[in-house]
There are 2 protein chains.
Amino acid sequence: MSNGPKRKPSKQSRGKRRPPLTRERVLHAALAIADDEGLDALSMRRLGQALRVEAMSLYNHVANKDEVLDGMVDMVVGEMEMPLLPDWRAALRGRALSAHEVLLRHPWAAALIESRLSPGPERLRHHDALIGALLRAGFSLELTYRAFLTLDSYIYGFTLQEVNWPFDRDERPDVVTNIEPHVTAEQYPNLVQMMGFILSAGRGDAAQPGGKAAAYLAEYAFGLDLVLDGLAAARARERQ
Amino acid sequence: MSNGPKRKPSKQSRGKRRPPLTRERVLHAALAIADDEGLDALSMRRLGQALRVEAMSLYNHVANKDEVLDGMVDMVVGEMEMPLLPDWRAALRGRALSAHEVLLRHPWAAALIESRLSPGPERLRHHDALIGALLRAGFSLELTYRAFLTLDSYIYGFTLQEVNWPFDRDERPDVVTNIEPHVTAEQYPNLVQMMGFILSAGRGDAAQPGGKAAAYLAEYAFGLDLVLDGLAAARARERQ
DNA sequence: ACCTGAACACCGTTCAAGT
DNA sequence: ACCTGAACACCGTTCAAGT
């Protein structure tokens, strides 16, 4: 759209011609750093380094770090499947499973999305589609509002727990072993029993058929279907 | 317990005798700062200032800032009502309502709790009681596990949304007015319709009987009862 | 035993100066 | 038009030095 009209071939196109900085490139680099090194590693200086530019140059393309974070959030939301299937329940279920997948691909994203104030265009579009799906299915405005709150509470709440789960993560055996000595069967009998069950059932483990991504899938689906059942019942009650 | 045995009356007890620094005092001061000024305002230097001490002195009582955050989280969890009622459903419902109240009193806490890796003693006790309540009610280990995940996903997910909600907060009219121009009825028809409903119904507003604290209570209770209904049904299915 | 000054290696952001 | 050096006001944390 705002492509410069005259772009000379430029004789010095040998060597490491770094492409011009754009908002797009800044956001993509930021997302890559967060995925690879975690959100804490993402500083404006680190971001500049990844783009072979001084940190101050970034401010020509984004207003500040908050705008970077908002942009990252919207990119992630854009990866989520929109609820478009004609059957409302299938549409909501597919969207919830897709959101879960996307949030596991970007483990830093769930917390960030929930903490951002101003939604970007992707998020607005996504929510518009979600509300539309419910209204078309005959949900009243009030029930649509409640269904939306309940569903997203579950989706983000579950995924946030999952992403920060300290158990059974091979990367953090220190955390598990640091906790265990404090958790004795006399003090916390139920907790110890539960931990035994979880470990013996091979749950929440990378030792799953689908690997780590599928570790909590059955648990996620349980609560998801529970919520969908509840919404179906509320919808039925509403229509007498 | 570790009270020094000999504590002389000390002749210079006039003026501003600041009490000795302890882990307890550090954590209480940290919690007060987070409540009053937000979690971002809580730095080790600011914390030292509140306690009339240099920041470096804090390290004699806590290992590092992470330990401060862990301590704050555990204090907040300690405020939540434990699920002790004999009726499992009443116990879980009361606990969920109490957790919601506590998390609204400390708006920074929900995000922090979910991001902490090592649970403190209060949290361990709380979860032990929760699991115990479900097991005593005849839930299997597997269903207890799933009930726990579903409930806490909902509780924290909902509260996290509520605490960061940009709409209808008198403190942040800027955010609302900044968003509105971008959200046109042509682009986001369903969203606009929903926003109209929410505002006209006086929902999510401080203009509620119970004030801000009660603004989303009906919505929170809707999803909570939906989850509890689902768990009751799952329990009934399990026992044939 | 507890507190502190100085220091280190970081942050986000501004702004005048360069090309 | 875009990039940068220097600077400002912050971080968490260490450590030798003080009392």
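Just so it is clear: chains get the letters A, B, ... in the order the sequence lines come, proteins before strands, and each one is counted from 1.
Under the rule for a salt bridge (Lys or Arg N to Asp or Glu O under 4.0 Å), the partners of A:R105 that lie at least two apart in sequence or sit in another chain are A:E79. Looking at residues two or more places apart in sequence or on another chain, you find a ring-ring contact (aromatic ring centres under 6.0 Å, His included) between A:H106 and A:W108. With sequence neighbours left out, the side-chain contact (heavy atoms from CB on, under 4.5 Å) criterion links A:A50 to A:I33, A:R46. For A:S153, the side-chain hydrogen bond (donor to acceptor under 3.5 Å, both in side chains) partners two or more places apart in sequence, or in a different chain, are B:Q161. For A:L97, the side-chain contact (heavy atoms from CB on, under 4.5 Å) test picks out A:R93, A:Y220, A:L224, with sequence neighbours left out. Taking the ring-ring contact (aromatic ring centres under 6.0 Å, His included) definition, one finds that B:H61 meets it with nothing, sequence neighbours left out. By the side-chain contact (heavy atoms from CB on, under 4.5 Å) test, A:S115 is found to be paired with A:L112, residues two or more places apart in sequence or in another chain being considered. The side-chain contact (heavy atoms from CB on, under 4.5 Å) check on A:D66 picks up A:N64, A:L69, A:R116, with sequence neighbours excluded.
Across residues 29-38 of chain A, not one residue has a non-hydrogen atom less than 4.0 Å from an atom of DNA chain D. Sorted by residue number, the members of residues 56-64 of chain A with any non-hydrogen atom under 4.0 Å from DNA chain C read A:M56, A:Y59, A:N64.
One can place CZ of A:R25 at 14 Å from P of D:dC2, the figure rounded to the nearest angstrom. Going from atom CZ of A:R46 over to atom P of C:dC10 covers 13 Å, rounded to whole Å. When the P atom of C:dC2 is taken as reference, atom CG of B:L51 falls 16 Å away, rounded to whole Å. Rounded to whole Å, the distance from CE on A:M44 to C1' on C:dC10 is 16 Å. When rounded to the nearest whole Å, the span between CG of B:L47 and P of C:dC3 equals 13 Å. The interatomic distance linking A:Q49 (CD) with C:dC10 (C1') rounds to 13 Å, in whole Å.
The 12-atom threshold is exceeded at CD of A:E37, counting heavy atoms of other residues, nucleotides or ligands nearer than 6.0 Å. Around atom CG of B:D40, no more than 12 heavy atoms belonging to other residues, nucleotides or ligands sit under 6.0 Å away.
For B:K65 and A:R45, each mapped to the nucleotide of DNA chain D holding its nearest heavy atom, the one lying further toward the 5' end belongs to A:R45.
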So what does the secondary structure string of DNA chain D come out as, 5' to 3', with Watson-Crick or wobble pairs under 3.5 angstrom, [ ] for crossing and | for pairs with another strand?
||.|||||...|||||.||

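The listed nucleotides are C:dG5, C:dG12, D:dC11; the one nearest the side chain of B:E54 is C:dG5.
With P as the reference atom, D:dA9 and C:dA9 are 22 Å apart, rounded to whole Å.
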Solution key, residues 186-193 of chain A side-chain donor-acceptor pairs under 3.5 Å, sequence neighbours excluded:
{"unit_1": "A:N190", "atom_1": "ND2", "unit_2": "B:D128", "atom_2": "O", "d": "3.2"}
{"unit_1": "A:N190", "atom_1": "ND2", "unit_2": "B:D128", "atom_2": "OD2", "d": "3.4"}

